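In what follows, a structure is listed as structure tokens, so that the remarks can point back to it.
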Amino acid sequence: MTDVLARAATADRRVDARLATAIADIFLPERDRLDERTRATVAALLEATVAAAEREIAGHAARLLATRGAGEAAQRLNANHSLALPRLAASGLLRDADLMAELIAQARIDLIDAALIANRAPGTRATLLTRLAESRDGVIRSRAVTYMVADSRRRMPNAARRADLPVALHRRLAWWIAAALREQLDAFADPAIDRALVEATQRSLSVHEEGDRIAMLAASLAAAIAPEVADLPPLMVDALVEGKLALFVALLAQAVGVDPAEARGLVLDVDSERLWLALRGVGLARADIARIGWLLCEADAWRDAETLADMLGPVGALESEAAAQVVAPLTLDADYRAAIRALARVQP
């Protein structure tokens, strides 16, 4: 009888939770709702990323346990896969704002890149990276090749493509996975399990370098190119035409003098004129901004071509110095700006 009552109480809570979710969904503004393609891409990225990290940690921990006399625990780790994702999802840990913001941004970039390539005129050849890889400048040549290799890895099918997380987020996720695996082994009550999971997680973290991320490699390449203002528009347009949004972001960051993450935020911001102001601020003419804007509007389902057309006149009429002043706060320390926003949310 007690079990029946407990199940009934749980069912009541589930009904309430489902209703609350449905109500929130009904009143969610359409502009804030993820489209199905983005939602599916985020879900695939999350699943592949957690699964890959879990395989690394569980696999090495199992090997350690097998050599330390904990064969049953090792077999449990080897026999079960995808133990972590359901537990982390149910716990709410995966609702972490930083993690989800990164996954959504990477999913959008993947989709925009795919659309840019699909929209390319028939017969158009992708030559930008080839030209850079054949540059007379050895630094540009080396960094272009490194970027090309990393970019080809990133374009794996969604089932195999793991998110390119910053080190801090990768570290957070890896320890969550280790904790979820530990719960699955609680019945063994063996201190060796904790030691094995810690060692396996530290091993996984040791090979994850910030400089290996595609955004950092693109930034390194953009810094080596260091284009003059006159050379910037064709480079940016070529990067977009060839579906290399990460390189476009890096060129923008280099020109504006901001962190790549800030530049990515500008590119993915569809609710303001900040991207167009940034482009005007580094000296791009109205025609160049229009060309870049049109490419992005055609590739990004979140953008609206009519809004772009309305923006072009006022933004193009601005002096570049005036436009640069609008986005100048982005060059300030990110933590400082976050502190200002946090304080502004609290009334004195």
Side-chain angles (χ1 to χ4, degrees), residues 37-38 41 45 102 104-135 137 139-158 161-164 166 211-228 231-256 258-270 275 278-279 282 284 288-289 291-303:
R37 289 188 68 205
T38 305
T41 305
L45 267 179
E102 186 64 31
I104 292 169
Q106 291 192 24
R108 286 189 61 197
I109 287 175
D110 285 355
L111 292 172
I112 293 170
D113 272 352
L116 286 167
I117 293 171
N119 294 343
R120 202 158 58 201
T124 303
R125 297 178 59 200
T127 62
L128 173 59
L129 287 178
T130 302
R131 295 198 311 269
L132 294 173
E134 295 173 352
S135 169
D137 186 312
V139 176
I140 294 176
R141 187 167 62 246
S142 172
R143 293 183 183 181
V145 170
T146 302
Y147 174 82
M148 289 172 70
V149 172
D151 184 65
S152 65
R153 286 199 305 265
R154 188 178 68 84
R155 296 173 190 276
M156 298 169 69
N158 277 346
R161 151 98 159 95
R162 60 195 294 183
D164 194 17
D212 293 337
R213 297 179 59 228
I214 190 71
M216 297 299 102
L217 295 174
S220 177
L221 176 56
I225 299 169
E228 299 293 333
D231 299 325
L232 191 58
L235 282 171
M236 284 184 151
V237 168
D238 283 350
L240 291 178
V241 168
E242 298 182 17
K244 301 290 188 291
L245 192 58
L247 183 54
F248 175 88
V249 167
L251 290 167
L252 178 66
Q254 170 78 13
V256 178
V258 298
D259 184 83
E262 296 291 350
R264 185 182 68 180
L266 288 175
V267 173
L268 297 180
D269 177 10
V270 298
L275 174 58
L279 293 171
V282 297
L284 267 66
D288 296 323
I289 298 172
R291 172 67 169 143
I292 289 169
W294 177 252
L295 286 167
L296 287 173
C297 284
E298 285 286 283
D300 187 355
W302 293 27
R303 286 196 176 277

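Throughout, numbering of the chain's residues begins at 1 and tracks the sequence. The structure displayed is predicted, hence computed values, not measured ones.
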L221 side chain near T146 side chain, heavy-atom distance below 4.5 Å: no
Do other residues, nucleotides or ligands put more than 12 heavy atoms under 6.0 Å from the CZ atom of R291? no
Working for side-chain contact (heavy atoms from CB on, under 4.5 Å), residues L217 and R143: CA-CA 7 Å; L217 295 174; R143 293 183 183 181; over 6 Å; no
Can you list the steps and then say if E262 with V256 is a side-chain contact (heavy atoms from CB on, under 4.5 Å)? CA-CA 10 Å; E262 296 291 350; V256 178; over 6 Å; no
For A215 and D164 the tightest heavy-atom approach is N-OD2, 4.3 Å
Looking at CD1 of I104 and CG of L45, how far apart are the two atoms once the value is rounded to the nearest 0.5 Å? 11.0 Å
Check whether any side-chain heavy atom of V267 lies under 4.5 Å from a side-chain heavy atom of I112, and answer yes or no. no
Beyond-backbone contact of T127 with E242, side-chain heavy atoms, under 4.5 angstrom: yes
I need the minimum non-hydrogen distance between A222 and P227, along with the two atoms involved. O-CD, 4.1 Å
Check whether any side-chain heavy atom of I225 sits under 4.5 Å from a side-chain heavy atom of D231, and report yes or no. no
Of T38, D300, D113, T41, the one forming a side-chain hydrogen bond (donor to acceptor under 3.5 Å, both in side chains) with R108 is D300
Validation row: K244, L128 side chains within 4.5 angstrom (heavy atoms): no
Do D288 and M236 make a side-chain contact, defined as non-hydrogen atoms from C-beta onward lying under 4.5 Å apart? no
I need the minimum non-hydrogen distance between M216 and P260, along with the two atoms involved. CE-CG, 3.9 Å
Should we count CH2 of W294 as having more than 12 external heavy atoms under 6.0 Å? no
L252 and A263: which non-hydrogen atoms are nearest, and at how many Å? CD2-O, 3.9 Å
Of all heavy-atom pairs linking A278 and L266, the shortest is CB-CD1, 4.0 Å
Output for pair (Q106 CD, L268 CG), nearest 0.5 Å, gives 10.5 Å
Got L116 and V241 here, is their nearest side-chain heavy-atom distance under 4.5 Å? no
Criterion side-chain contact (heavy atoms from CB on, under 4.5 Å) on L296 and L275, from CA distance to verdict: CA-CA 11 Å; L296 287 173; L275 174 58; 3.7 Å; yes
Is there a donor-acceptor contact under 3.5 Å from the side chain of S152 to the main chain of V149? yes
Atom CZ of residue position R37 - does it have more than 12 heavy atoms of other residues, nucleotides or ligands inside 6.0 Å? no
When rounded to the nearest 0.5 angstrom, what is the spacing between CG in L232 and CD1 in I292? 7.0 Å
Looking at R120 and A115, would you say the former's side chain and the latter's main chain have a donor-acceptor pair under 3.5 Å? no
Heavy-atom closest pair (R264 atom, A105 atom, distance to 0.1 Å) is CZ-CB, 3.6 Å
State, yes or no, whether a side-chain contact exists between Y147 and L132 at a heavy-atom distance under 4.5 Å. no
Roughly how far apart are T124 OG1 and I117 CD1, rounded to 0.5 Å? 12.0 Å
